[in-house]
Asks: 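Got a structure for you, written out below as structure tokens; questions coming shortly.
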Protein chains: 2
Amino acid sequence: MVTPGALSRRERQIMDIVYRLGRATVQDVLQGLDGPPSYSSIRATMRLLEGKGHLKHISDGPKYVYLPTRTRNIVRKSALRHMMDTFFNHSVETTVATLLDMKSKDLTDDELDRIQVLINDARKRGR
Amino acid sequence: MVTPGALSRRERQIMDIVYRLGRATVQDVLQGLDGPPSYSSIRATMRLLEGKGHLKHISDGPKYVYLPTRTRNIVRKSALRHMMDTFFNHSVETTVATLLDMKSKDLTDDELDRIQVLINDARKRGR
DNA sequence: AGCATGGTGCTAAAAAATTAGCACCGTTGA
DNA sequence: TCAACGGTGCTAATTTTTTAGCACCATGCT
């Protein structure tokens, strides 16, 4: 298995952008980066990522649109798992606590309601 | 600001171990890595991380114990934020949903209760 | 048709990260 | 006391990543 952590710095930056956008052209990545390296550099790195199996591309007219090879859901879970292992001591509770602490100002009552429902669902599923 | 993403692959691996353990000696890191490079390599990289301001060290007898410079809480939040931005479209709801989907089997009723409480607290805090 | 534009592949150079190796210092136990 | 051990700093070599540059192809416009 190719561990996600095995990516270089630039590779990870690029993957993050692709994941954020869902799909991305070289131009998209160029815009997403802050200290943008040359077009050529990004292209090379993306080709490399494709070689490693992290990206694939389809053609949109003359240009390439890159897509992640692993589904959004798989990637989400493995990112979450890694983060919980690293920072949250594997604890869902601590993770949620931090999340809420961070975002409570932005959360609507509706959204909180929906989250309550999610938890009740999990409760049912658990047994 | 030194963005966390600016770390190299090995640097990130090492930081992850330090965060997971809270503090770490070179030996701790050595054991934490799977394809362990030489002692010397790790040491060099940790010194480098110290130079960049990500780690500091205290002396425990003759040996160094490395600690992260940023507090656990700060780091947790910024990791969460980055992950939500990248994979979850900034959505707390989606994040929690994935979390529960992933872990529902491991969650006790007690823990779910406590999470419910957290949400109610957030509700109060929000207004 | 001819040319400008904007994409691609490939190769080689530059920069950064990773590693090993050696010299040195403090502690410990015979 | 004085070797052996386990730690450190530093330097230099290797490997990997990152970058630029050039040649080429398709598209669209004059």
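Lettering of chains follows the sequences in order, A, B, ..., and the numbering in each one begins at 1.
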Asks: Record whether the side chain of Ser40(A) comes under 3.5 Å of the base of dA20(D) through a donor-acceptor pair of N or O atoms.
Replies: yes
Asks: Is Arg10(A) close enough to dT16(D) that one of its side-chain N or O atoms is under 4.0 Å from OP1 or OP2 there?
Replies: no
Asks: Do side-chain atoms of Ser59(B) reach the backbone of Gly61(B) as a donor and acceptor pair under 3.5 angstrom?
Replies: no
Asks: Have a look at Tyr64(A) and say if it touches a base, only the backbone sugar-phosphate, or nothing, with a 4.0 Å heavy-atom cut-off.
Replies: sugar-phosphate
Asks: With a 3.5 Å distance limit and no angle check, can you tell me whether Glu11(A) reaches the backbone of Ser8(A) through a side-chain donor-acceptor pair?
Replies: yes
Asks: Considering just the side-chain nitrogens and oxygens of Tyr39(B), establish if one lies under 4.0 Å of OP1 or OP2 belonging to dT19(C).
Replies: no
Asks: Figure out the CG/C1' separation between Leu30(A) and dT19(D), and round it to whole Å.
Replies: 13 Å
Asks: Output yes when at least one side-chain N/O atom of Gln27(B) is less than 4.0 Å from OP1 or OP2 of dG7(D), else no.
Replies: yes
Asks: Between atom CZ in Arg47(A) and atom P in dG7(C), what is the gap in whole Å?
Replies: 14 Å
Asks: Do Asp16(A) and His82(B) get their side chains close enough for a donor-acceptor pair, meaning under 3.5 Å?
Replies: yes
Asks: If I take atom CD1 in residue Ile42(A) and atom P in nucleotide dG21(D), what distance separates them, rounded to the nearest angstrom?
Replies: 15 Å
Asks: When the nearest nucleotide of DNA chain C is assigned to Ala44(A) and to Val65(A) on a heavy-atom basis, which residue is associated with the more 5' position?
Replies: Val65(A)
Asks: How would you list, by chain and number, every residue that makes a side chain to side chain contact (heavy atoms under 4.5 Å, CB included) with Ala79(B), sequence neighbours excluded?
Replies: Met83(A), Phe87(A)
Asks: Give a yes/no on whether any side-chain N or O of Ser8(B) is located under 4.0 angstrom from OP1 or OP2 of dA16(C).
Replies: no
Asks: Under 3.5 Å, is there a donor on one side chain and an acceptor on the other for Thr98(B) and Asp101(B)?
Replies: no
Asks: How long is the line joining CG of Leu33(B) and C1' of dT19(C), in whole Å?
Replies: 14 Å
Asks: dT18(D) C1' sits how many Å from Leu7(B) CG, rounded?
Replies: 17 Å
Asks: Rounded off to whole Å, could you give me the CE-to-P distance for the Met46(A) and dC10(C) pair?
Replies: 17 Å
Asks: Starting at NZ of Lys63(A) and ending at P of dG7(C), how long is that distance when rounded to a whole Å?
Replies: 5 Å
Asks: So, OP1 or OP2 of dT18(D): does either fall under 4.0 Å of a side-chain N or O from Ser38(A)?
Replies: no
Asks: Does Arg43(B) get its side chain close enough to the base of dG7(D), under 3.5 Å, for a donor-acceptor pair?
Replies: no
Asks: Given atom NE2 of His57(A) and atom C1' of dG7(C), what is their separation to the nearest angstrom?
Replies: 12 Å
